[in-house]
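In each ligand, atom 1 is the first atom listed, and ligand 1 is the first ligand listed. Numbering of residues begins at 1 and proceeds along the displayed sequence.
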Amino acid sequence: MTDLAQRAQAALCDAYARPPLTLVGGEGAWVVTDQGARLLDCVGGIAVNVLGHGHPGLTAAIADQARRLIHTSNLYRTEPQVELAERLVATAFPSRVFFSNSGAEANEAAIKVARKWGQRHRGGAHVVVTLTAAFHGRTLATLAATAAPRYGDPFRPLPAGFRQVPRGDLGALATALDQEAVAVLLEPIQGESGVFPVPDETLREIRRLCTERDCLLVLDEVQSGMGRTGRMWAHQWAGIVPDVMTVAKGLGGGVPIGATLVGPRADVLQPGDHGSTFGGGPLACRAGLAVLEAIEAEGLLANARATGQRLREGLLALAAAGHPITEVRGRGLMLGVGLRRAIAPAVAEAAVREGLLVNPVGRRTLRLLPPLTLSLQEADLAVERLGAALAACGPGHRPAPAADG
Ligand SMILES: Cc1ncc(COP(=O)(O)O)c(C=O)c1O
């Protein structure tokens, strides 16, 4: 064990099972290890590093804002916060914004909005309906909204008022939307459970049901948003408008920030209802502005579509060449590679040796969430290196034990 690995074990809680890898730097779609190895980063901080590493516009904005004003309380107004809210809304749907620091917090705010709306407009209806295999965060309420028991079981009892229905079962959803139900909360593409898109037609039907039953549609775009699918928000492919949308991950390009966009129908927050010391601080908001500017100026939505298509074609070519790939799921640069055998952790490990970072989700899926700045050549290189990693885990390979999820 290296010195840093020993120190990490002594100093850090065992919350993460990490590969033996120490990262010290990054540039574009590449990260650098303490051994000087350069790895093509197709994890992208799990959909956070939308501009890659060391983006000049983002780093300059952060440095400039750090010199002016890093933090002030939400007791006071700042221009970056107002401007980011305006720009964010301009990419989405008519709404106003509550800023926080993470995806889970953005969802907590959405749940509070839904509950307050239910008290005001639906005689105390409060149940939030979510889908099986959903992931909405690690706070207690978002764990209650998250489907897989392994995340929430050690921490029971979880808050009441959540109900899960099978993904894709619209009949069950319709039944769940009873007098007590106030909202449907879902990811347009489920990320943590292995990249499972909700079909556009299903999203439209869920929108219709929510309207019919007078419930709020809350979309968790924490992972699927910020241009990842080749449109700014994944739900825009389906042509629907939610009542509430949550955003985080890519918004700050690596600086923590979360946002809850609340449409006019659901806009119930009043002073004192909710708050956050750090939420929407000037530094994070300047970072968010720089990210939005770069997505537009550099044509990153089109790039996500083009490189996503190139990656998908390359991955399907690997499957056609006999590699144990069963399917490629997702959209743009949010891709899940289904594997025929339970080798995802071993393939991810082998990929590091080939100079590539990919993320195993469970044992049969590899997830790719590279920066939106990925070039076509880098997409080809990622496929080539993944092919080599799959070959290294060929039929004779025995997968090493690893934790799910
Ligand atoms: C869809 C979705 N929602 C919420 C979260 C939680 O975000 P955070 O880890 O920033 O709290 C995640 C994190 O992976 C996510 O993928």
Side-chain angles (χ1 to χ4, degrees), residues 13 15-17 43-50 98-114 128-148 150-152 155 158 162 164 167 183-198 203 217-229 232-235 242 244-261 276 278-281 284 287-288 291 329-336 359-362 365 367-370 403-405:
C13 289
Y16 302 99
V43 177
I46 313 191
V48 167
N49 300 103
V50 286
F98 178 85
F99 283 113
S100 54
N101 310 283
S102 66
E105 284 177 76
N107 284 332
E108 285 274 343
I111 292 163
K112 287 177 80 170
V113 163
V128 175
V129 179
T130 66
L131 305 185
T132 50
F135 183 88
H136 296 295
R138 305 271 193 165
T139 61
L140 289 174
T142 56
L143 278 179
T146 289
R150 70 175 181 280
Y151 294 115
F155 312 106
L158 299 176
F162 295 86
Q164 251 118 39
R167 179 185 63 205
V184 175
L185 164 64
L186 64 89
E187 304 151 82
I189 301 180
Q190 294 186 327
E192 294 303 298
S193 58
V195 189
F196 291 98
V198 178
L203 271 182
L217 176 59
V218 182
L219 293 182
D220 177 344
E221 291 254 20
V222 166
Q223 191 165 141
S224 58
M226 292 304 295
R228 179 127 312 264
T229 63
M232 198 61 192
W233 310 106
H235 70 265
V244 179
M245 178 174 79
T246 59
V247 185
K249 287 197 182 279
L251 178 55
V255 179
I257 181 166
T260 306
L261 276 66
S276 165
F278 291 116
V291 171
R329 300 184 292 269
R331 227 167 199 166
L333 288 175
M334 181 170 184
L335 295 175
N359 175 229
V361 198
T365 301
R367 182 172 46 167
L368 276 64
L369 301 159
D404 269 2

Which heavy-atom pair separates A248 from M226 by the least distance, and what is that distance?
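Minimum heavy-atom separation between A248 and M226: O-CG, 4.4 Å.
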Return the minimal non-hydrogen interatomic distance between T146 and Y151, and the atom names on each side.
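Where T146 meets Y151 most closely, the heavy atoms are CG2-CD1, 3.7 Å.
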Are any of the side-chain heavy atoms of [X] and [Y] separated by less than 4.5 Å?
X	Y	result
I257	F278	no
I46	E192	yes
T246	L219	no

Would R228 and E221 satisfy salt bridge (Lys or Arg N to Asp or Glu O under 4.0 Å), going step by step from the backbone distance to the final call?
CA-CA 10 Å; R228 179 127 312 264; E221 291 254 20; over 6 Å; no
Test of understanding: given a 4.0 Å heavy-atom threshold, classify the contact between [X] and ligand 1 as side chain, backbone, both, or neither.
X	value
I46	neither
Q190	neither
S102	both

Could you tell me whether ligand 1 has any atom less than 4.0 Å away from a heavy atom of K249?
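So K249 counts as touching ligand 1.
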Shortest protein heavy-atom distance from [atom], along with the residue and atom involved:
atom	value
atom 11 (O) of ligand 1	A104 N, 2.8 Å
atom 16 (O) of ligand 1	Q223 NE2, 2.8 Å
atom 7 (O) of ligand 1	G103 CA, 3.3 Å
atom 3 (N) of ligand 1	D220 OD2, 2.7 Å

Going by atom types only, do R331 and S224 share a side-chain donor-acceptor pair under 3.5 Å?
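No - no donor-acceptor pair under 3.5 Å links their side chains.
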With atoms numbered from 1 as shown, which atoms in ligand 1 lie under 4.0 angstrom from a non-hydrogen atom of N107?
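Under 4.0 Å from N107, ligand 1 has these atoms: 3 (N), 4 (C).
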Which atoms of ligand 1 have any heavy atom of E187 under 4.0 Å away?
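Those atoms are 1 (C).
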